[in-house]
Amino acid sequence: MIYLAQGGYLLLILLIPLMFTAYWLMRRLRKRRIARFGDPELVARLTPEVPRRKGWMKLTLLSIALLFLAIGMARPQLGAILKEKEIKGAEIMVVLDVSNSMLAEDYSPNRLERAKLAISKLVDELQGDRIGLIIFAGESFVQLPITSDYVSAKIFLNSITTESVPVQGTALGEAIRTAIRGFTSESEHSRAIILITDGENHEDDPVAAARDAVDMGARVFCIGVGSPEGKPIPMDGDLLKDKDGNIVVTRLDEQTLRDIASAGEGLYVRAGNTEFGLNPVIDEIRTLQDKEFQSVVFEEFDEQYMYFFAIALVFLLLEFFMSDTRNRRSLFGRSGKTLAVLAAVMVLSPAVLSAQSDRSEVRAGNRDFKKGMYREAEIDYKRALIADSASVTAKYNLGNALYKAESYNEAELYFKDLGDTLKNLSPSKASDYFHNSGNLALKQKKYQEAVEAFKESLRLEPDNFETKSNLAYAQKMLRDQQQNQQSQNQQQQQQDQNQDQNQQNQDQNQNNDQQNDQNQDQNQNNDQNQDQQNQDQQQQPQAQPQISPQAAQQMLQAIEDKEKQTQDKVKKAKALKEKSKEKEKNW
């Protein structure tokens, strides 16, 4: 992307139509004066050396020169240049919530995109600080390790979605602890964690995690994203609903975020629509003790103004040397051919130099790669991408260098979507690409992707023994992974069955207790009946034994109460079991 450092100078381009209008008026007045002097055709014959159209051509050349001069004065800048230098600053770990609740539209277009835009602006304002990126929902992951490579930080930032973390929910405490582990050992007293979330914590204790961060020399700053009144969550063309079918309304939990910031000795700021809240946080971070780092960074943009000035100079020289009189031999006078060649060389030289620079940086990177100097090769390939951001060779070689440097996540970023292009260029190179992609997937334990990549490589080069060996290994690892997963599922099923059996045993024991109670009641009733019968026999020997209606009602009521208590216990046990299996919140 091209940036303009002083875009106000582009207003000079507005002078061009004014120049043409003024020249047209001047020629019109000149014709009127000639008409007063005499017959225009006769005057034209008397002045054969006066040009008829050269004036317009000279004005056109002058206008083009002014156009390129204005663009050059606006200072166009392209990409950035790599420099190795000592920098001073803090280590900042941005912890971004990517749970489904961040899709709520409190901001335009939603909470997550607004947060990404604010982080991008933060990266643009950093000077000397290192930055890392943690994404979290129900789990947390290091999206970008601590680095001073701001360009890579923005690339990784743009790829974040709510699907970047497979487990939904909101685990603030785990995210803070992941950030603590992401700091380097160089910055013991220059650490800051910026937590960007709506504060709806569903999993753990974030306040305790903030205290742990302080113990490790880091301060925790919180940016609250959302509104207290809450918003529904758009999901697949509809609104997200909970397990009961009710529409979920996600609200900003400011109290939790204030508690986290207080425990983390930081600051809480509620994000606004215009001011997101990062500026006061950065001002507070500036009070931290600066630490010196040795880093390779994209220090500044590559200036392009000199090329536009050169083109403007060419057109000015063409206008200057163009003859003011008619010359039937050459439009440009005696030096016309020389100037034409000079103009062509000056106009074409920037493109030629840029292409040569691209190829030279790639060759330099290849030399460093062969020597095992992968960090230096990475720098060379990134310089090549600055000269030509679409260079497939530079991207492919950079991915290989990052793989060798064990920066697997970043290597995957540059390796993406090169297969079809390389197939069109060279099947052999495409085979190598898929082979290397398979190795990268193996390192990341993505065995299914590794198998597919090795198979694609063998389709292009069926006789590659190394690819066949790697494919066999990837298939073995995939089988082991699937077996482990199956074993875990079986263990989980066994645990569930054991729980069911235990519950059944408890139910049986309760039924036995109930039966014993009933037997005891029956025995007591029998004893009472026997006593009553004996008494009746003594008083009235001829009377028949019988149970009073009150006693029968009491027996029936006792049995019903006992059965109800047993059923209530069974229902509660089953409800607890189902609740343990079910994840309550997925936002």
Side-chain angles (χ1 to χ4, degrees), residues 135 139 141-145 152 155-156 158-161 163-167 362-363 365-375 377-378 380-382 384-385 390-490:
I135 57 175
E139 296 178 350
F141 299 95
V142 179
Q143 179 77 355
L144 177 69
S152 295
I155 293 174
F156 276 91
N158 291 333
S159 64
I160 293 174
T161 66
E163 299 177 356
S164 300
V165 177
V167 180
V362 171
R363 288 194 294 268
N366 293 342
R367 289 192 295 268
D368 291 334
F369 189 92
K370 291 179 180 179
K371 296 176 182 178
M373 303 165 61
Y374 304 120
R375 181 61 174 169
E378 175 190 346
D380 292 329
Y381 293 137
K382 285 186 176 180
L385 285 175
S391 174
V392 176
T393 302
K395 288 182 179 179
Y396 176 60
N397 291 357
L398 176 57
N400 289 329
L402 291 168
Y403 170 81
K404 289 291 186 180
E406 299 182 356
S407 299
Y408 302 125
N409 290 336
E410 192 175 358
E412 183 183 13
L413 180 67
Y414 289 101
F415 251 38
K416 282 183 178 179
D417 305 326
L418 293 180
D420 294 336
T421 304
L422 289 172
K423 282 181 182 179
N424 296 330
L425 294 176
S426 170
S428 177
K429 289 183 178 180
S431 176
D432 293 340
Y433 162 77
F434 286 110
H435 178 92
N436 294 346
S437 296
N439 289 337
L440 178 61
L442 280 178
K443 290 292 186 181
Q444 296 175 305
K445 297 183 179 180
K446 300 177 180 179
Y447 300 122
Q448 184 63 52
E449 295 181 13
V451 168
E452 297 300 326
F454 288 133
K455 286 182 178 179
E456 189 65 30
S457 177
L458 288 174
R459 291 188 187 101
L460 298 170
E461 286 190 356
D463 298 330
N464 192 313
F465 177 77
E466 184 179 357
T467 305
K468 290 180 180 179
S469 300
N470 290 3
L471 173 59
Y473 175 75
Q475 289 173 333
K476 177 183 179 301
M477 296 303 294
L478 179 60
R479 286 195 299 270
D480 292 344
Q481 186 183 56
Q482 291 173 344
Q483 290 174 359
N484 291 335
Q485 184 65 35
Q486 186 178 3
S487 176
Q488 292 176 1
N489 292 337
Q490 290 176 352

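In what follows, every heavy atom counts, from backbone to side chain, and hydrogens, waters and symmetry copies are set aside.
- Closest non-hydrogen pair, Ala377 versus Gly365, comes out as CB-O, 3.5 Å.
- Between atom OG1 of residue Thr393 and atom CG of residue Asn366 there is a gap of 8.5 Å, rounded to the nearest 0.5 Å.
- Counted within 6.0 Å of CZ on Phe141, heavy atoms from surrounding residues, nucleotides or ligands total more than 12; the atom is thus considered enclosed.
- Under the 4.5 Å side-chain criterion, counting only non-hydrogen atoms from C-beta, Lys443 is not in contact with Glu412.
- Listed by chain and residue number, Tyr408 satisfy the ring-ring contact (aromatic ring centres under 6.0 Å, His included) test with Tyr403 (two or more places apart in sequence, or in another chain).
- Judged as a side chain to side chain donor-acceptor pair (under 3.5 Å), and not counting sequence neighbours, the contacts of Asn436 are Tyr396, Asn400.
- In this structure, Tyr447 has no ring-ring contact (aromatic ring centres under 6.0 Å, His included) partners at least two apart in sequence or on a different chain.
- A search for side chain to side chain donor-acceptor pair (under 3.5 Å) contacts involving Gln448 returns Glu452, not counting sequence neighbours.
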Please tabulate, one pair per line, all N/O donor-acceptor pairs under 3.5 Å involving side-chain atoms of residues 458-467, not counting sequence neighbours.
| from | atom 1 | to | atom 2 | distance (Å) |
| --- | --- | --- | --- | --- |
| Arg459 | NH1 | Glu456 | OE1 | 2.7 |
| Glu461 | OE2 | Ser428 | OG | 3.3 |
| Asn464 | OD1 | Glu466 | N | 3.1 |
| Asn464 | OD1 | Thr467 | N | 3.1 |
| Asn464 | OD1 | Thr467 | OG1 | 3.3 |
| Thr467 | OG1 | His435 | ND1 | 2.8 |

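- Applying the ring-ring contact (aromatic ring centres under 6.0 Å, His included) rule to Phe434 yields no partners; only residues at least two apart in sequence or on another chain are considered.
- For Lys476, the salt bridge (Lys or Arg N to Asp or Glu O under 4.0 Å) partners are Asp480, not counting sequence neighbours.
- Judged as a side chain to side chain donor-acceptor pair (under 3.5 Å), and not counting sequence neighbours, Ser407 has no contacts.
- Within the 3.5 Å criterion, the main-chain N or O of Tyr433 finds a donor-acceptor partner in the side chain of Ser437.
- Listed by chain and residue number, Ala441, Leu442, Phe454, Ala474 satisfy the side-chain contact (heavy atoms from CB on, under 4.5 Å) test with Ala450 (two or more places apart in sequence, or in another chain).
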